[in-house]
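Just so you know, these numbers come straight off a predicted model, no measurement behind them. Chain A is the first sequence line, chain B the second, and so forth, proteins listed ahead of strands; every chain is numbered from 1.
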Number of protein chains: 2
Amino acid sequence: MSSCDTCVVRNRAICAGLDSREIHALNAIGRRRSVTAGEPLIWEDDDSLLVANVIDGVLKLTTSTEDGREQIVGVAYPSDFIGRPFGPTSKASVVALTDARVCVFSRNDFDRFAREHPELEHKLLERTLAELDRTRSWMMLLGRKTAPEKIATFLLEMSERLAETGCTPSFGPANRFSLPFSRQQVADVLGLTIETVSRQFTKLKNEGVIELPSRREVEIVNRGALVALAG
Amino acid sequence: MSSCDTCVVRNRAICAGLDSREIHALNAIGRRRSVTAGEPLIWEDDDSLLVANVIDGVLKLTTSTEDGREQIVGVAYPSDFIGRPFGPTSKASVVALTDARVCVFSRNDFDRFAREHPELEHKLLERTLAELDRTRSWMMLLGRKTAPEKIATFLLEMSERLAETGCTPSFGPANRFSLPFSRQQVADVLGLTIETVSRQFTKLKNEGVIELPSRREVEIVNRGALVALAG
DNA sequence: CGTACTGTTGAAACTAATCAAGGTACGTGG
DNA sequence: CCACGTACCTTGATTAGTTTCAACAGTACG
């Protein structure tokens with residue numbers, strides 16, 4: 001029995017829609033791997049040697065300047081695809097934010113398999129187009145929004161992305177969630193400094209818009225205010 | 001005879017690799033269209049009704065906030081693909097920066113054709129992955145670079161992108177080129193104001209790094225300095 | 001030759017970064 | 001289980017970079 005049969009993201013990841021024979025073939029070239037929080041999976045500018053599906057956990061995609069400034073350029077949640085197929089190098093590092101499980105493939109094996117299975121390539125294309133949309137709307141945030149707007153937008157996005165993942169059968173965005181990011185990482189997502197992030201969080205708390213039960217926990221008390229602030 | 005036969009981007013656009021029968025079928029669902037500088041082709045948040053290949057000219061992809069702030073999230077050059085296939089809405093407006101010619105398809109027609117032609121979908125996937133890489137490196141610029149670094153990076157990118165397009169059989173980046181952007185549009189690409197862009201241009205000119213023969217013309221005099229400044 | 005648009009320059013205001021201490025939570029070992 | 005050390009976070013004061021506001025100059029065009 002292939003491990004795909006018991007895969008929790010089987011019906012949401014790009015593997016969805018493959019028949020049992022194809023799943024078996026894909027299973028043959030992939031393997032499960034655990035990544036502990038903070039552990040890297042792919043290095044920036046490395047030869048693109050592997051690609052993967054996220055089964056469980058959250059990972060960050062980052063690029064850095066020589067002098068150490070970091071920008072988080074993407075966040076991968078369960079069922080997301082990571083890595084750079086059909087290209088020689090990966091332009092972003094991938095590091096686990098939480099303990100995570102992924103299904104990894106050698107890039108060459110994956111490329112070959114994908115080219116032989118148009119349905120899988122199509123799924124990958126849809127996913128890449130959606131990611132490009134998301135990335136572009138993040139460019140607007142980075143280039144044109146103020147610090148308060150960035151924070152409000154970030155919290156709203158988090159409440160949506162983390163709700164999708166959750167097992168609770170609730171619909172719509174979550175009003176209470178646990179951030180997979182440290183303050184520094186929030187800063188790296190938004191193009192701010194850690195101090196500015198901290199101050200804006202505190203300000204929203206003092207204004208009664210959010211509660212901060214613990215370092216990583218956020219509760220949205222007044223969603224309307226947050227939407228208004230998001231710009 | 002189909003107009004594809006005489007298409008100047010025939011071998012670089014996603015149509016490359018299709019056989020003559022397929023080209024004929026694609027030609028049947030597409031049509032040429034001219035767009036004058038400043039004219040919009042697609043509106044933000046519109047139903048995604050059409051997609052297109054750029055034959056000639058340069059177009060900008062933008063997103064805007066309600067209060068009118070604009071961010072250019074992408075620039076399309078000849079052979080680039082524009083529009084949002086396989087999705088209900090387009091998240092960005094597309095407006096011509098120069099007079100342009102495009103080959104447009106109704107999205108439905110294109111989607112159907114693409115699904116029946118894996119080779120075309122593969123080309124589109126490769127293109128989308130490359131665009132995502134470029135977009136992510138632009139996120140680093142927007143989130144973490146200073147105004148001087150942004151300007152330097154921008155000029156270097158321009159010298160590369162515009163060289164590819166040019167008919168001159170020279171290799172490598174162009175040291176002299178004509179910007180397809182006004183100062184305001186440069187500001188919208190970089191997440192700056194028009195005044196800051198102007199000041200940085202002047203500063204580079206005074207330092208002898210570039211020459212500005214006219215409003216739109218740029219000559220790179222000291223490429224090394226520019227690379228150093230790009231951060 | 002005047003008008004309108006685009007770009008440049010200067011001064012002031014403001015936002016967010018930087019520099020610098022403290023404080024709080026958390027894990028570890030006593 | 002509690003004390004301690006460390007990493008993470010918050011807060012305050014100051015500074016720097018960019019925006020904003022305002023006026024002017026250059027260029028294209030009728």
*Test item: side-chain donor near acceptor, A:Glu217 and A:Ser214, under 3.5 Å*: no
*Which sits closer to the 5' end of DNA chain D, A:Glu195 or A:Arg215, going by the nucleotide each is nearest to?*
A:Arg215
*With distance as the sole criterion, do the side chain of A:Arg183 and the base of D:dT11 form a donor-acceptor contact below 3.5 Å?*
no
_Using a heavy-atom cut-off of 4.0 Å across all strands, would you classify A:Ser214 as base, sugar-phosphate, or nothing?_
nothing
*For A:Leu192 and D:dT10, give me the distance from atom CG to atom P, rounded to whole Å.*
14 Å
*Measure the shortest side-chain to side-chain distance between B:Leu41 and B:Arg33 over non-hydrogen atoms and say whether it is less than 4.5 angstrom.*
yes
_Nearest whole Å is fine: how far is D:dT10 P from A:Arg199 CZ?_
11 Å
_Sugar-phosphate, base or nothing in reach of A:Thr202, heavy atoms under 4.0 Å_ = sugar-phosphate
*Starting at atom CZ of B:Arg69, determine the distance to atom P of D:dT18, rounded to an integer number of angstrom.*
18 Å
_Sugar-phosphate, base or nothing in reach of B:Ser182, heavy atoms under 4.0 Å_ = sugar-phosphate
_chain A footprint on DNA chain C, 5' to 3' - any atom under 4.0 Å from a heavy atom_ = C:dA16 to C:dA25
_Without decimals, in angstroms, what is the distance between B:Glu149 CD and D:dG17 P?_
11 Å
*Do you know the tightest heavy-atom contact between A:Glu160 and A:Pro173?*
CG-CB, 4.0 Å
_Rounded to whole Å, how long is the line connecting atom CD1 of A:Ile194 with atom C1' of D:dC8?_
7 Å
*When rounded to the nearest 0.5 angstrom, what distance separates CG in A:Leu204 from CG in A:Leu212?*
8.5 Å
*Reckon B:Thr193 has a side-chain N or O less than 4.0 Å from the OP1 or OP2 of D:dT20?*
no
*For A:Asp188 and D:dC8, what is the distance between atoms CG and C1' respectively, to the nearest whole Å?*
14 Å
*asked:* Reading DNA chain D from 5' onward, which residue's closest nucleotide shows up sooner: A:Arg144 or A:Gln184?
replied: A:Gln184
_If only side-chain N and O atoms count, and only distance matters, is there a donor-acceptor pair under 3.5 Å linking A:Thr153 with A:Lys145?_
yes
*asked:* Take a 6.0 Å sphere around CZ of B:Arg134 and say whether it holds more than 12 heavy atoms from other residues, nucleotides or ligands.
replied: yes
*At under 4.0 Å, does any side-chain N or O of B:Thr196 touch on OP1 or OP2 of D:dT18?*
no
Expected list for residues 92-103 of chain A: side-chain donor-acceptor pairs under 3.5 angstrom, two or more places apart:
unit_1  : atom_1 : unit_2  : atom_2 : d
A:Ser93 : OG     : A:Glu44 : N      : 2.9
A:Thr98 : OG1    : A:Val58 : N      : 3.0
A:Asp99 : OD1    : A:Ala37 : N      : 2.7

